[in-house]
There are 2 protein chains.
Amino acid sequence: MIKVLIAEDQGMLLGALAAMLELEEDLSVVARASNGKEALKLAAEFNPDVVVTDIEMPAMTGLELAAALKDKNPATRVIIVTTFARPGYLRRALDAGVKGYLLKDAPAEQLANAIRKVHQGGKVIAPELATEAWDTEDPLNERERQVLRLAGDGLTSADIAKQLFLSEGTVRNYLSEAIGKLGAGNRIEAARIARQKGWL
Amino acid sequence: MIKVLIAEDQGMLLGALAAMLELEEDLSVVARASNGKEALKLAAEFNPDVVVTDIEMPAMTGLELAAALKDKNPATRVIIVTTFARPGYLRRALDAGVKGYLLKDAPAEQLANAIRKVHQGGKVIAPELATEAWDTEDPLNERERQVLRLAGDGLTSADIAKQLFLSEGTVRNYLSEAIGKLGAGNRIEAARIARQKGWL
DNA sequence: ATTTGTGGATGACGAATGTCACATGACGTC
DNA sequence: GACGTCATGTGACATTCGTCATCCACAAAT
(Lines give C-alpha, C1' and ligand atoms only; values in the text may rest on other atoms or scores of the structure.)
Protein backbone atom coordinates (compact mmCIF):
# COMPACT_ATOMS: atom_id res chain seq x y z
CA MET A 1 0.00 0.00 0.00
CA ILE A 2 1.59 3.25 -1.12
CA LYS A 3 1.01 6.08 1.31
CA VAL A 4 0.33 9.36 -0.49
CA LEU A 5 0.19 12.93 0.76
CA ILE A 6 -1.40 15.59 -1.42
CA ALA A 7 -0.56 19.28 -1.16
CA GLU A 8 -2.73 21.56 -3.29
CA ASP A 9 -4.31 24.88 -2.48
CA GLN A 10 -7.28 24.55 -4.79
CA GLY A 11 -9.77 22.75 -2.60
CA MET A 12 -11.67 21.49 -5.58
CA LEU A 13 -8.67 19.77 -7.11
CA LEU A 14 -7.37 18.56 -3.77
CA GLY A 15 -10.59 16.80 -2.92
CA ALA A 16 -11.13 15.44 -6.40
CA LEU A 17 -7.60 14.06 -6.68
CA ALA A 18 -7.90 12.43 -3.28
CA ALA A 19 -11.21 10.82 -4.23
CA MET A 20 -9.76 9.61 -7.50
CA LEU A 21 -6.62 8.14 -5.97
CA GLU A 22 -8.59 6.41 -3.25
CA LEU A 23 -10.23 4.37 -5.99
CA GLU A 24 -6.88 2.72 -6.65
CA GLU A 25 -6.45 -0.37 -4.51
CA ASP A 26 -2.75 0.00 -3.97
CA LEU A 27 -2.85 3.68 -3.03
CA SER A 28 -3.95 5.38 0.15
CA VAL A 29 -4.18 9.13 0.67
CA VAL A 30 -2.99 9.44 4.24
CA ALA A 31 -3.07 13.22 4.47
CA ARG A 32 -4.05 16.40 2.63
CA ALA A 33 -2.52 19.83 2.91
CA SER A 34 -3.45 23.15 1.37
CA ASN A 35 0.04 24.62 1.44
CA GLY A 36 3.66 23.58 1.72
CA LYS A 37 4.09 24.36 5.38
CA GLU A 38 1.15 22.22 6.38
CA ALA A 39 2.39 19.47 4.08
CA LEU A 40 5.78 19.46 5.72
CA LYS A 41 4.24 19.06 9.14
CA LEU A 42 1.94 16.27 8.00
CA ALA A 43 4.79 14.54 6.21
CA ALA A 44 6.70 14.35 9.48
CA GLU A 45 3.67 12.84 11.12
CA PHE A 46 2.51 10.37 8.46
CA ASN A 47 5.75 9.63 6.70
CA PRO A 48 4.19 9.19 3.26
CA ASP A 49 5.91 7.28 0.49
CA VAL A 50 5.00 9.84 -2.13
CA VAL A 51 4.07 13.51 -1.90
CA VAL A 52 2.02 14.97 -4.74
CA THR A 53 2.26 18.75 -4.67
CA ASP A 54 1.31 21.84 -6.58
CA ILE A 55 3.91 24.59 -6.98
CA GLU A 56 2.20 27.91 -6.41
CA MET A 57 0.75 27.78 -2.93
CA PRO A 58 0.57 30.26 -0.05
CA ALA A 59 2.93 30.05 2.93
CA MET A 60 5.34 27.64 1.22
CA THR A 61 5.58 26.71 -2.43
CA GLY A 62 5.84 23.19 -3.72
CA LEU A 63 9.44 23.83 -4.74
CA GLU A 64 10.34 24.91 -1.24
CA LEU A 65 8.47 21.92 0.11
CA ALA A 66 10.46 19.59 -2.13
CA ALA A 67 13.72 21.08 -0.95
CA ALA A 68 12.69 20.77 2.69
CA LEU A 69 11.57 17.16 2.27
CA LYS A 70 14.84 16.24 0.60
CA ASP A 71 16.41 17.26 3.85
CA LYS A 72 13.95 15.99 6.46
CA ASN A 73 12.24 13.04 4.76
CA PRO A 74 14.81 11.86 2.24
CA ALA A 75 12.96 8.60 1.65
CA THR A 76 9.84 10.44 0.52
CA ARG A 77 9.56 10.89 -3.24
CA VAL A 78 8.02 14.08 -4.57
CA ILE A 79 5.86 14.55 -7.63
CA ILE A 80 5.06 18.07 -8.78
CA VAL A 81 1.69 18.62 -10.43
CA THR A 82 1.39 22.12 -11.80
CA THR A 83 -0.27 24.28 -14.40
CA PHE A 84 2.98 25.79 -15.42
CA ALA A 85 5.24 24.49 -18.16
CA ARG A 86 8.05 26.82 -17.21
CA PRO A 87 11.66 25.88 -17.66
CA GLY A 88 12.66 27.75 -14.54
CA TYR A 89 10.26 25.72 -12.44
CA LEU A 90 11.35 22.40 -13.87
CA ARG A 91 14.97 23.22 -13.33
CA ARG A 92 14.42 24.25 -9.75
CA ALA A 93 12.31 21.14 -9.17
CA LEU A 94 14.99 18.82 -10.46
CA ASP A 95 17.57 20.62 -8.37
CA ALA A 96 15.38 19.89 -5.35
CA GLY A 97 15.52 16.20 -6.13
CA VAL A 98 11.96 15.94 -7.40
CA LYS A 99 11.17 12.60 -9.03
CA GLY A 100 8.10 13.57 -11.03
CA TYR A 101 6.87 16.69 -12.82
CA LEU A 102 3.43 16.51 -14.39
CA LEU A 103 1.21 19.16 -15.90
CA LYS A 104 -2.36 19.67 -14.84
CA ASP A 105 -3.17 19.57 -18.53
CA ALA A 106 -2.29 15.90 -18.64
CA PRO A 107 -5.03 13.29 -18.33
CA ALA A 108 -5.81 12.44 -14.74
CA GLU A 109 -5.37 8.74 -15.35
CA GLN A 110 -1.62 9.30 -15.60
CA LEU A 111 -1.26 10.32 -12.01
CA ALA A 112 -1.76 6.96 -10.34
CA ASN A 113 0.76 5.35 -12.64
CA ALA A 114 3.22 8.13 -12.08
CA ILE A 115 2.92 7.57 -8.34
CA ARG A 116 3.60 3.87 -8.72
CA LYS A 117 6.53 4.44 -11.01
CA VAL A 118 8.10 7.03 -8.76
CA HIS A 119 7.50 4.85 -5.72
CA GLN A 120 9.52 2.13 -7.39
CA GLY A 121 12.40 4.50 -7.87
CA GLY A 122 11.55 5.75 -11.35
CA LYS A 123 11.23 9.24 -12.71
CA VAL A 124 8.32 10.77 -14.57
CA ILE A 125 8.70 14.04 -16.42
CA ALA A 126 5.93 15.49 -18.58
CA PRO A 127 6.98 14.74 -22.16
CA GLU A 128 6.37 18.35 -23.23
CA LEU A 129 9.12 19.35 -20.86
CA ALA A 130 11.52 16.48 -21.19
CA THR A 131 12.42 17.65 -24.67
CA GLU A 132 14.96 20.08 -26.00
CA ALA A 133 14.74 23.75 -25.37
CA TRP A 134 13.63 23.46 -21.77
CA ASP A 135 17.04 24.04 -20.35
CA THR A 136 17.09 27.74 -21.11
CA GLU A 137 19.01 29.44 -18.36
CA ASP A 138 17.69 32.44 -16.51
CA PRO A 139 19.93 35.23 -17.78
CA LEU A 140 18.82 37.72 -15.15
CA ASN A 141 20.65 38.53 -11.97
CA GLU A 142 18.91 39.19 -8.68
CA ARG A 143 18.69 42.96 -9.06
CA GLU A 144 17.28 42.69 -12.55
CA ARG A 145 14.67 40.24 -11.33
CA GLN A 146 13.61 42.51 -8.46
CA VAL A 147 13.36 45.52 -10.66
CA LEU A 148 11.49 43.67 -13.35
CA ARG A 149 8.99 42.26 -10.89
CA LEU A 150 8.06 45.72 -9.69
CA ALA A 151 8.07 47.20 -13.17
CA GLY A 152 5.67 44.46 -14.23
CA ASP A 153 3.23 45.65 -11.59
CA GLY A 154 3.19 49.10 -13.10
CA LEU A 155 5.54 50.94 -10.76
CA THR A 156 7.55 53.76 -12.28
CA SER A 157 11.32 53.79 -12.18
CA ALA A 158 11.15 56.36 -9.40
CA ASP A 159 8.86 54.15 -7.29
CA ILE A 160 11.08 51.16 -7.81
CA ALA A 161 14.13 53.17 -6.87
CA LYS A 162 12.50 54.19 -3.62
CA GLN A 163 11.51 50.65 -2.73
CA LEU A 164 14.92 49.16 -3.44
CA PHE A 165 16.96 52.10 -2.18
CA LEU A 166 18.60 52.68 -5.53
CA SER A 167 18.86 55.77 -7.66
CA GLU A 168 16.38 56.12 -10.45
CA GLY A 169 19.14 56.02 -13.01
CA THR A 170 20.37 52.71 -11.70
CA VAL A 171 16.90 51.27 -11.93
CA ARG A 172 16.73 52.36 -15.53
CA ASN A 173 20.09 50.74 -16.14
CA TYR A 174 18.95 47.41 -14.71
CA LEU A 175 15.74 47.55 -16.69
CA SER A 176 17.66 48.33 -19.83
CA GLU A 177 19.91 45.34 -19.16
CA ALA A 178 16.96 43.04 -18.55
CA ILE A 179 15.16 44.23 -21.67
CA GLY A 180 18.27 43.54 -23.69
CA LYS A 181 18.91 40.11 -22.22
CA LEU A 182 15.35 39.02 -22.83
CA GLY A 183 15.16 40.42 -26.32
CA ALA A 184 12.14 42.50 -25.38
CA GLY A 185 11.14 45.90 -26.68
CA ASN A 186 10.25 47.47 -23.36
CA ARG A 187 9.84 46.71 -19.66
CA ILE A 188 6.31 45.40 -20.04
CA GLU A 189 7.26 42.81 -22.61
CA ALA A 190 10.35 41.90 -20.61
CA ALA A 191 8.30 41.26 -17.50
CA ARG A 192 5.84 39.19 -19.51
CA ILE A 193 8.58 37.03 -20.98
CA ALA A 194 10.35 36.50 -17.69
CA ARG A 195 7.13 35.59 -15.90
CA GLN A 196 6.16 33.16 -18.60
CA LYS A 197 9.51 31.41 -18.32
CA GLY A 198 9.13 31.14 -14.57
CA TRP A 199 12.03 33.41 -13.82
CA LEU A 200 10.25 35.91 -11.64
CA MET B 1 -30.24 10.17 -11.87
CA ILE B 2 -28.84 13.60 -12.69
CA LYS B 3 -26.94 13.68 -15.98
CA VAL B 4 -23.82 15.81 -15.73
CA LEU B 5 -21.46 17.13 -18.39
CA ILE B 6 -18.07 18.50 -17.35
CA ALA B 7 -16.11 21.01 -19.40
CA GLU B 8 -12.61 21.71 -18.14
CA ASP B 9 -9.37 22.08 -20.01
CA GLN B 10 -7.09 20.86 -17.25
CA GLY B 11 -7.12 17.14 -17.86
CA MET B 12 -6.08 16.44 -14.30
CA LEU B 13 -9.03 18.27 -12.81
CA LEU B 14 -11.45 17.03 -15.44
CA GLY B 15 -10.63 13.41 -14.73
CA ALA B 16 -10.50 13.83 -11.00
CA LEU B 17 -13.84 15.64 -10.84
CA ALA B 18 -15.46 13.02 -13.00
CA ALA B 19 -14.12 10.24 -10.79
CA MET B 20 -15.31 12.03 -7.70
CA LEU B 21 -18.81 12.73 -9.00
CA GLU B 22 -19.22 9.17 -10.22
CA LEU B 23 -18.96 8.12 -6.58
CA GLU B 24 -22.30 9.83 -5.93
CA GLU B 25 -25.19 7.46 -6.49
CA ASP B 26 -27.57 10.03 -7.88
CA LEU B 27 -25.11 11.58 -10.33
CA SER B 28 -23.81 10.32 -13.63
CA VAL B 29 -21.14 12.00 -15.71
CA VAL B 30 -22.46 11.42 -19.22
CA ALA B 31 -19.77 13.37 -21.08
CA ARG B 32 -16.51 15.27 -20.70
CA ALA B 33 -15.21 18.15 -22.80
CA SER B 34 -11.93 20.02 -22.75
CA ASN B 35 -13.31 23.24 -24.19
CA GLY B 36 -16.56 25.07 -24.69
CA LYS B 37 -17.05 24.16 -28.32
CA GLU B 38 -16.74 20.47 -27.63
CA ALA B 39 -19.04 20.83 -24.64
CA LEU B 40 -21.71 22.48 -26.76
CA LYS B 41 -21.63 19.63 -29.26
CA LEU B 42 -21.76 16.99 -26.54
CA ALA B 43 -24.57 18.82 -24.78
CA ALA B 44 -26.68 18.59 -27.93
CA GLU B 45 -25.99 14.88 -28.07
CA PHE B 46 -26.40 13.90 -24.43
CA ASN B 47 -28.79 16.55 -23.22
CA PRO B 48 -27.33 16.75 -19.70
CA ASP B 49 -29.30 18.14 -16.78
CA VAL B 50 -26.36 20.09 -15.45
CA VAL B 51 -23.19 21.37 -17.11
CA VAL B 52 -20.20 22.02 -14.87
CA THR B 53 -17.72 24.26 -16.65
CA ASP B 54 -14.50 26.18 -16.19
CA ILE B 55 -14.29 29.70 -17.62
CA GLU B 56 -10.91 30.08 -19.24
CA MET B 57 -10.69 27.45 -21.94
CA PRO B 58 -9.42 27.42 -25.52
CA ALA B 59 -11.77 27.63 -28.50
CA MET B 60 -14.77 28.72 -26.41
CA THR B 61 -14.84 30.00 -22.85
CA GLY B 62 -17.23 28.81 -20.21
CA LEU B 63 -19.04 32.13 -20.33
CA GLU B 64 -19.63 31.80 -24.05
CA LEU B 65 -20.71 28.22 -23.51
CA ALA B 66 -23.24 29.31 -20.92
CA ALA B 67 -24.67 31.90 -23.27
CA ALA B 68 -24.92 29.37 -26.10
CA LEU B 69 -26.60 26.78 -23.89
CA LYS B 70 -29.13 29.30 -22.68
CA ASP B 71 -30.16 29.52 -26.30
CA LYS B 72 -29.88 25.92 -27.49
CA ASN B 73 -30.46 23.84 -24.36
CA PRO B 74 -32.53 26.13 -22.16
CA ALA B 75 -33.41 23.28 -19.80
CA THR B 76 -29.76 22.61 -19.00
CA ARG B 77 -28.51 24.36 -15.86
CA VAL B 78 -24.95 25.65 -15.83
CA ILE B 79 -22.51 25.77 -12.93
CA ILE B 80 -19.28 27.68 -13.36
CA VAL B 81 -16.25 26.39 -11.48
CA THR B 82 -13.32 28.74 -11.80
CA THR B 83 -10.15 29.94 -10.17
CA PHE B 84 -11.10 33.54 -10.60
CA ALA B 85 -13.02 35.60 -8.11
CA ARG B 86 -13.52 38.45 -10.55
CA PRO B 87 -16.56 40.67 -10.48
CA GLY B 88 -16.58 40.96 -14.27
CA TYR B 89 -16.76 37.21 -14.66
CA LEU B 90 -19.54 36.75 -12.14
CA ARG B 91 -21.58 39.50 -13.72
CA ARG B 92 -21.22 38.07 -17.19
CA ALA B 93 -22.02 34.61 -15.86
CA LEU B 94 -25.23 35.78 -14.23
CA ASP B 95 -26.18 37.64 -17.39
CA ALA B 96 -25.78 34.36 -19.24
CA GLY B 97 -28.30 32.74 -16.93
CA VAL B 98 -25.78 30.70 -14.99
CA LYS B 99 -27.26 29.02 -11.91
CA GLY B 100 -24.08 28.30 -9.98
CA TYR B 101 -20.70 29.99 -9.59
CA LEU B 102 -18.14 28.19 -7.44
CA LEU B 103 -14.45 28.80 -6.87
CA LYS B 104 -11.85 26.10 -7.29
CA ASP B 105 -10.64 27.14 -3.87
CA ALA B 106 -13.79 25.77 -2.31
CA PRO B 107 -13.80 22.25 -0.87
CA ALA B 108 -14.58 19.62 -3.46
CA GLU B 109 -17.35 18.15 -1.36
CA GLN B 110 -19.47 21.19 -2.13
CA LEU B 111 -19.73 20.41 -5.79
CA ALA B 112 -22.07 17.43 -5.64
CA ASN B 113 -24.46 19.33 -3.42
CA ALA B 114 -24.31 22.35 -5.67
CA ILE B 115 -25.25 20.16 -8.61
CA ARG B 116 -28.24 18.75 -6.74
CA LYS B 117 -29.39 22.14 -5.61
CA VAL B 118 -29.12 23.66 -9.06
CA HIS B 119 -30.85 20.69 -10.62
CA GLN B 120 -33.78 21.34 -8.33
CA GLY B 121 -33.99 24.89 -9.56
CA GLY B 122 -31.86 26.53 -6.91
CA LYS B 123 -28.93 28.85 -7.20
CA VAL B 124 -25.47 28.49 -5.68
CA ILE B 125 -23.07 31.41 -5.61
CA ALA B 126 -19.72 31.24 -3.83
CA PRO B 127 -20.22 33.19 -0.60
CA GLU B 128 -17.09 35.27 -1.16
CA LEU B 129 -18.76 36.67 -4.25
CA ALA B 130 -22.35 36.88 -3.14
CA THR B 131 -21.51 39.87 -0.96
CA GLU B 132 -21.57 43.55 -1.69
CA ALA B 133 -18.70 45.11 -3.56
CA TRP B 134 -18.80 42.54 -6.33
CA ASP B 135 -21.10 44.57 -8.50
CA THR B 136 -18.46 47.05 -9.61
CA GLU B 137 -19.22 48.04 -13.15
CA ASP B 138 -16.68 47.87 -15.93
CA PRO B 139 -16.07 51.53 -16.76
CA LEU B 140 -14.22 50.78 -19.99
CA ASN B 141 -15.68 50.86 -23.45
CA GLU B 142 -14.78 48.38 -26.15
CA ARG B 143 -11.98 50.45 -27.67
CA GLU B 144 -10.39 51.08 -24.33
CA ARG B 145 -10.49 47.38 -23.56
CA GLN B 146 -8.88 46.44 -26.87
CA VAL B 147 -6.16 48.98 -26.52
CA LEU B 148 -5.46 48.06 -22.92
CA ARG B 149 -5.25 44.38 -23.72
CA LEU B 150 -2.52 44.98 -26.27
CA ALA B 151 -0.73 47.53 -24.11
CA GLY B 152 -0.67 44.96 -21.33
CA ASP B 153 1.23 42.62 -23.60
CA GLY B 154 3.95 45.19 -24.09
CA LEU B 155 3.01 46.59 -27.48
CA THR B 156 3.87 50.22 -28.09
CA SER B 157 1.25 52.77 -29.00
CA ALA B 158 2.44 52.62 -32.60
CA ASP B 159 2.05 48.82 -32.73
CA ILE B 160 -1.41 49.02 -31.24
CA ALA B 161 -2.41 51.71 -33.72
CA LYS B 162 -1.34 49.49 -36.62
CA GLN B 163 -3.24 46.48 -35.32
CA LEU B 164 -6.45 48.36 -34.70
CA PHE B 165 -6.19 50.68 -37.70
CA LEU B 166 -6.22 53.77 -35.55
CA SER B 167 -3.83 56.69 -35.41
CA GLU B 168 -1.21 56.59 -32.72
CA GLY B 169 -2.64 59.71 -31.14
CA THR B 170 -6.03 58.09 -30.79
CA VAL B 171 -4.48 55.08 -29.14
CA ARG B 172 -2.81 57.36 -26.66
CA ASN B 173 -6.11 59.07 -26.03
CA TYR B 174 -7.87 55.80 -25.28
CA LEU B 175 -5.07 54.70 -23.03
CA SER B 176 -5.17 57.99 -21.22
CA GLU B 177 -8.91 57.61 -20.73
CA ALA B 178 -8.53 54.06 -19.44
CA ILE B 179 -5.74 55.03 -17.07
CA GLY B 180 -7.89 57.80 -15.70
CA LYS B 181 -11.02 55.67 -15.31
CA LEU B 182 -9.13 52.96 -13.48
CA GLY B 183 -7.25 55.34 -11.23
CA ALA B 184 -3.95 53.94 -12.44
CA GLY B 185 -0.67 55.73 -12.91
CA ASN B 186 0.26 54.28 -16.27
CA ARG B 187 -0.81 51.73 -18.88
CA ILE B 188 0.86 48.84 -17.11
CA GLU B 189 -0.96 49.39 -13.86
CA ALA B 190 -4.20 50.00 -15.73
CA ALA B 191 -3.90 46.69 -17.55
CA ARG B 192 -3.12 44.92 -14.30
CA ILE B 193 -6.17 46.37 -12.57
CA ALA B 194 -8.50 45.63 -15.44
CA ARG B 195 -7.27 42.07 -15.77
CA GLN B 196 -7.62 41.43 -12.09
CA LYS B 197 -11.20 42.63 -12.17
CA GLY B 198 -11.97 40.37 -15.10
CA TRP B 199 -12.66 43.21 -17.50
CA LEU B 200 -10.21 42.23 -20.18
C1' DA C 1 50.69 47.92 -4.70
C1' DT C 2 48.63 47.53 -8.77
C1' DT C 3 45.11 45.18 -11.43
C1' DT C 4 40.61 43.52 -12.07
C1' DG C 5 35.77 42.95 -11.09
C1' DT C 6 31.40 44.27 -9.32
C1' DG C 7 27.57 47.08 -7.84
C1' DG C 8 25.94 51.36 -8.19
C1' DA C 9 25.53 56.41 -9.82
C1' DT C 10 25.59 60.23 -13.25
C1' DG C 11 24.49 62.91 -17.23
C1' DA C 12 22.93 63.40 -21.64
C1' DC C 13 20.02 62.34 -25.59
C1' DG C 14 16.30 60.65 -28.32
C1' DA C 15 12.12 58.06 -28.24
C1' DA C 16 7.82 56.76 -26.11
C1' DT C 17 4.20 58.00 -23.02
C1' DG C 18 0.39 60.68 -20.75
C1' DT C 19 -2.51 64.76 -20.94
C1' DC C 20 -5.44 68.18 -22.86
C1' DA C 21 -7.69 71.24 -25.78
C1' DC C 22 -9.62 71.33 -29.99
C1' DA C 23 -10.99 69.72 -34.89
C1' DT C 24 -13.61 66.73 -38.03
C1' DG C 25 -17.16 63.90 -39.75
C1' DA C 26 -20.98 60.52 -39.30
C1' DC C 27 -25.42 59.66 -37.34
C1' DG C 28 -29.83 60.52 -34.99
C1' DT C 29 -33.22 63.47 -33.15
C1' DC C 30 -36.13 67.43 -32.71
C1' DG D 1 -31.59 72.18 -41.16
C1' DA D 2 -29.77 72.99 -36.42
C1' DC D 3 -28.26 70.36 -32.63
C1' DG D 4 -26.12 66.88 -29.57
C1' DT D 5 -23.09 63.10 -29.35
C1' DC D 6 -19.97 59.66 -30.45
C1' DA D 7 -15.76 57.95 -32.55
C1' DT D 8 -11.52 59.33 -34.24
C1' DG D 9 -7.62 62.65 -35.30
C1' DT D 10 -4.23 66.38 -34.51
C1' DG D 11 -0.87 69.15 -32.29
C1' DA D 12 1.60 70.63 -28.48
C1' DC D 13 3.74 69.98 -24.06
C1' DA D 14 5.76 67.90 -19.94
C1' DT D 15 7.16 63.63 -18.18
C1' DT D 16 8.95 59.10 -18.22
C1' DC D 17 11.64 55.54 -20.51
C1' DG D 18 15.55 53.22 -22.82
C1' DT D 19 20.40 53.63 -24.04
C1' DC D 20 25.06 54.49 -23.54
C1' DA D 21 29.46 56.14 -22.12
C1' DT D 22 31.65 57.14 -18.07
C1' DC D 23 32.80 57.41 -13.24
C1' DC D 24 33.30 55.96 -8.37
C1' DA D 25 34.05 52.93 -4.37
C1' DC D 26 35.23 48.85 -2.59
C1' DA D 27 36.77 44.10 -2.51
C1' DA D 28 39.26 40.20 -4.34
C1' DA D 29 43.14 38.52 -6.94
C1' DT D 30 47.94 38.75 -8.45
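Order of the sequence lines fixes the chain letters, A, B, ..., with proteins taken first and strands second; residue numbering starts at 1 for each chain.
Rounding to whole angstrom units, CG of residue Leu164(B) and P of dA7(D) are separated by 15 Å. To the nearest angstrom, C1' of dT5(D) lies 14 Å from CG of Asn141(B). What separates NZ of Lys162(B) from P of dA16(C) is a distance of 10 Å, to the nearest Å.
The side-chain heavy atoms of Trp199(A) and Leu182(A), taken from C-beta on, include a pair separated by under 4.5 Å.
Contact check, Thr170(B) against dG9(D): a side-chain N or O comes under 4.0 Å of OP1 or OP2. Considering only side-chain N and O atoms, Arg143(B) lies nowhere under 4.0 angstrom from the phosphate OP1 or OP2 of dA7(D).
Ion pairing of Lys197(B) with Asp138(B) is absent here, as no side-chain N (NZ or NE/NH1/NH2) approaches a carboxylate O to less than 4.0 Å.
Both tests hold for Arg86(B) against Phe84(B): distance to the six-membered ring centre under 6.0 Å, angle to the ring axis within 45°.
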B/S/- contact track for nucleotides 13-25 of chain D, protein heavy atom under 4.0 Å = ----BBBB-----
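The environment of CD in Glu142(B) is crowded: more than 12 heavy-atom neighbours from other residues, nucleotides or ligands sit within 6.0 Å.
Separation of atoms OG1 (Thr83(B)) and CG (Leu103(B)) is listed at 8.5 Å; rounding is to 0.5 Å.
Picking from dG8(C), dT10(D), dT8(D) the nucleotide with the shortest atom distance to the side chain of Leu166(B) gives dT8(D).
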Going by atom type alone, with no hydrogens or angles, which donor-acceptor pairs under 3.5 Å involve a side-chain atom of residues 42-55 of chain A and a protein atom two or more places apart or on another chain?
{"from": "Asp49(A)", "atom 1": "OD2", "to": "Lys3(A)", "atom 2": "N", "distance (Å)": "2.7"}
{"from": "Asp54(A)", "atom 1": "OD2", "to": "Lys104(A)", "atom 2": "NZ", "distance (Å)": "3.4"}

